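Computed from a predicted model, the values in this text were never measured in an experiment.
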Amino acid sequence: QVQLVESGGGLVQPGGSLILSCAASGNIRIIYTMNWSRQAPGKQRELVASITIGNTTTYSDSVNGRFTISRDNAKKTMFLQMNNLKPEDTAIYYCHAPIRTYTESTSRDYWGQGTQVTVSS
């Protein structure tokens, strides 16, 4: 079974920092572009950061300059370093990625369960 599990969320004050982690496990052959998305009540889901196998990164305008995405292919893990957090960053953060297993010839998209980030005084 393939699983993605996020961790590192919590309550932080405006201007503070958090590091989110996403660990993949299972019968994994390759993880393609890894992504962080977030969902807040009453708002549309937003793709905030992506990183390719070759470490090319992209960010949404709302987080650019404050967030940094990275990946450790050997450990099948990715991270989201979040700095200068703002109340509008409050959301459930999800990791997701296309993953190919050793028993499949094509990839499919997997999502984690999400981790809550709350930015408040």
Which distance, rounded to the nearest 0.5 Å, do you find between the [atom1] of [X] and the [atom2] of [Y]?
| X | Y | atom1 | atom2 | result |
| --- | --- | --- | --- | --- |
| Leu80 | Thr68 | CG | OG1 | 8.0 Å |
| Arg108 | Ile99 | CZ | CD1 | 9.0 Å |
| Ser121 | Leu11 | OG | CG | 9.5 Å |
| Leu4 | Tyr110 | CG | OH | 9.0 Å |
| Arg66 | Asn84 | CZ | CG | 6.0 Å |

Looking at [X] and [Y], what are the two nearest heavy atoms and their distance?
| X | Y | answer |
| --- | --- | --- |
| Ile31 | Ala24 | CD1-CB, 3.8 Å |
| Val12 | Gly16 | CG2-CA, 3.9 Å |
| Leu18 | Leu85 | N-CD1, 3.9 Å |
| Tyr32 | Arg71 | O-NH1, 3.0 Å |

Review point. Do side-chain atoms of Thr90 reach the backbone of Val119 as a donor and acceptor pair under 3.5 angstrom?
Key: yes
Exercise for review: Using atom types as modelled and distance alone, determine if a side-chain donor or acceptor of Glu6 lies under 3.5 Å from a backbone N or O of Gln113.
Suggested key: yes
Exercise for review: Using a 4.5 Å cut-off on heavy atoms from C-beta on, say whether the side chain of Leu20 contacts that of Met82.
Suggested key: yes
Check your understanding: Should Ile69 and Met78 count as side-chain neighbours, where that means a heavy-atom distance under 4.5 Å?
Key -> yes
Check your understanding: Which pairs with one or both residues in residues 53-88 pass ring pair (Phe, Tyr, Trp, His ring centres under 6.0 Å), sequence neighbours excluded?
Key -> none
Review point. Is it true that atom CD of Gln3 has more than 12 heavy atoms of other residues, nucleotides or ligands lying nearer than 6.0 Å?
Key: no
Practice item. Decide if atom CG of Asp61 counts as having more than 12 heavy atoms of other residues, nucleotides or ligands within a radius under 6.0 Å. Key: no
Practice item. Just do the side chain to side chain contact (heavy atoms under 4.5 Å, CB included) check on Ile92 and Thr115 with the steps written out, would you? Key: CA-CA 5 Å; Ile92 300 175; Thr115 186; over 6 Å; no
Check your understanding: Step by step, would you call Gln13 with Ser120 a side chain to side chain contact (heavy atoms under 4.5 Å, CB included)?
Key -> CA-CA 5 Å; Gln13 296 182 21; Ser120 176; over 6 Å; no
Practice item. Could you verify whether a donor N or O on one side chain and an acceptor N or O on the other, from Thr77 and Asp72, lie under 3.5 Å apart? Key: no
Practice item. Go through the steps to decide whether Tyr93 and Gln39 satisfy the test side chain to side chain contact (heavy atoms under 4.5 Å, CB included), and finish with yes or no. Key: CA-CA 7 Å; Tyr93 284 72; Gln39 180 75 60; over 6 Å; no
**Study point:** Any residue meeting salt bridge (Lys or Arg N to Asp or Glu O under 4.0 Å) with Arg29, in chain and number order, not counting sequence neighbours
**Key:** none
Check your understanding: Partners of Thr101 by side-chain hydrogen bond (donor to acceptor under 3.5 Å, both in side chains), sequence neighbours excluded?
Key -> Thr103, Glu104
Side-chain atoms of residues 44-53: list all donor-acceptor pairs with protein atoms under 3.5 Å, sequence neighbours left out, distances to 0.1 Å.
residue	atom	partner	partner atom	Å
Glu46	OE1	Arg38	NE	2.9
Glu46	OE1	Arg38	NH2	3.1
Glu46	OE2	Ser60	OG	3.4
Glu46	OE2	Ser62	OG	2.7
Ser50	OG	Asn35	OD1	2.7
Thr52	OG1	Gly54	N	3.3
Thr52	OG1	Asn55	N	3.3
Thr52	OG1	Thr56	N	3.0

Point to revise | Residue pair Met34, His96: steps toward the side chain to side chain contact (heavy atoms under 4.5 Å, CB included) verdict | key: CA-CA 6 Å; Met34 302 183 77; His96 57 103; over 6 Å; no
Review point. Pairs in or reaching into residues 57-121: which pass disulfide bond (SG atoms under 2.5 Å apart), with residues at least two apart or in two chains?
Key: Cys22-Cys95
Point to revise | Pairwise disulfide bond (SG atoms under 2.5 Å apart) hits with a residue in residues 33-74, at least two apart | key: none
